[in-house]
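Below is one structure, written out as structure tokens; the observations come after it.
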Amino acid sequence: MEAALRQAYEAFGETQAERGVDLGAVEERLRAQRVETPSWGYGNSGTRFAVFPQPGLPRDPFEKLQDAAQVHAHTGICPSVALHIPWDRVDDYGELADYAASLGLRLGAINPNLFQDEEYRLGSVCNPDPAVRRRATDHLLECVEIAGEVKSGVLSLWLADGTNYPGQDSFVERRGRMLECLSEVYGRMPEDMRLLLEYKLFEPAFYHTDLCDWGTALTMCQKLGERALVLVDLGHHAQGVNVEHIVSLLLDEGRLGGFHFNNRKYADDDLIVGSVNPFELFLIYVELLEAEEDPGVRIEYMIDQAHNIEPKIEAMILSVMNLQEAYAKALLVDRRALREARRSGDVLAAHRVLLDAYSADVRPLCARVREDLGASADPVAAFRASGYLERVAEERREGRPAGWG
Ligand code: RM4
Ligand code: MN
Ligand code: MN
């Protein structure tokens, strides 16, 4: 560790010791933090209007894993990668899993794609045509198989189903169709597999969305069974919705399955995690602290991001660093003082307990933890200095970059 950083870390340690913080325990939890990155975050993506090409993009799932391995090497906490099928379809999933292992990675959540085929114009599992529902269900079953082959215990499902015009279809019938299809899939999942159900307010449908919020997702999960859990994507709510409250409610119901971290200003913007609203991220982690201490609780922490103008690997690294910092700050919350302030009705004392933790500069702490993990104190600088991007830009000149096609 550089001298200046070491000094900053020591000063931080002294301040926290005065606050009664057990720094060893905080560091242990930071070392155990895990974040899964998405294969699709390394390939091409764009807005509705344009895709801006970048040099050195991966051309297949194997190369996406190479890029993900860079993120893990520099941050130390991203050993797994989510796949999107068919974007990441390969002939031999065992080979892909072995390749991941050779890079020090493993394959994570399997994400089916029920939104790009022509047949899904009126929806997938909610489609009025039983033949289309059959096709959608078969794709989900294929993804259960793949999850088994790559030893991932997670099927992560987002449905684009919805309608564009009032009167277009029956809400209730659509819900029944969804339940029927998902029940078949749930029934075919092995005992140790979990189904994560992700909701989203709108888009691509503009009048109604079949799974539009935590309530529609939660009630569906309750009907399916206890291994069906809700996934919260931070960009999938109406403006002003209190996401940390939703998180606490789902935890209390034992139905919080995981996150898709990203950030937004307006809608599903898929920006760098913590870039627009870092305080929200901190507050979400505050809600998670106690639940994480329950050994029965398993939450998948995943990033779901699309980088349109920013360099992809660096953007992913920055997202992970922002997650580390948000978690570190949450771990500094004086929970005893918070409980006391709440009990005595001291509104501002309670609020200030949070502000006190939030305002700490945890960068030296996170740098130290990353070094302990064998990663980089300054991941972005280290990645830039490594020359990786220049190298792959040269190696990957030929062929077609992977993307949402
Ligand atoms: C959706 C949703 C899904 C993601 C797709 C690409 O908005 O967030 O999780 O797989 O985008
Ligand atoms: Mn998502
Ligand atoms: Mn999204």
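Positions are given from 1 along the sequence. When a ligand or atom number is given, it counts from 1 through the structure's own listing order.
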Could you go through the side chain to side chain contact (heavy atoms under 4.5 Å, CB included) check for L196 and V154 one step at a time? CA-CA 7 Å; L196 306 189; V154 180; 3.7 Å; yes
Whether over 12 other heavy atoms sit under 6.0 Å from R335 CZ: yes
Treating N263 as the side-chain partner and S275 as the backbone partner, does any N or O pair qualify as donor plus acceptor under 3.5 Å? yes
Taking L289's backbone N and O only, do any of them form a donor-acceptor pair with R29's side chain (distance below 3.5 Å, no angle check)? yes
State yes or no: are the ring centers of Y199 and W158 separated by less than 6.0 Å? no
For the aromatic rings, using the six-membered ring if either is Trp, is the centroid distance between F279 and Y358 under 6.0 Å? yes
Y301 six-ring face occupied by R34 cation (under 6.0 Å, within 45°): no
Of all residues at least two apart in sequence or in a different chain, which pass the ring pair (Phe, Tyr, Trp, His ring centres under 6.0 Å) check with F62? Y99
Which protein N or O atoms sit under 3.5 Å from any N or O of ligand 1? Give atom names and distances.
residue  : atom   : partner : partner atom : Å
ligand 1 : 7 (O)  : K200    : NZ           : 2.9
ligand 1 : 7 (O)  : D268    : OD2          : 2.9
ligand 1 : 8 (O)  : E198    : OE2          : 3.0
ligand 1 : 8 (O)  : D233    : OD2          : 3.2
ligand 1 : 8 (O)  : H236    : NE2          : 3.1
ligand 1 : 8 (O)  : D304    : OD2          : 2.8
ligand 1 : 9 (O)  : E198    : OE1          : 2.7
ligand 1 : 9 (O)  : E198    : OE2          : 2.9
ligand 1 : 9 (O)  : H260    : ND1          : 3.2
ligand 1 : 9 (O)  : D304    : OD2          : 3.1
ligand 1 : 10 (O) : H84     : NE2          : 2.9

For the Mn ion (ligand 2): protein N/O/S atoms at distances below 2.8 Å: 4
Residues at least two apart in sequence or cross-chain that pass side-chain hydrogen bond (donor to acceptor under 3.5 Å, both in side chains) with D361, listed by chain then number, are R363
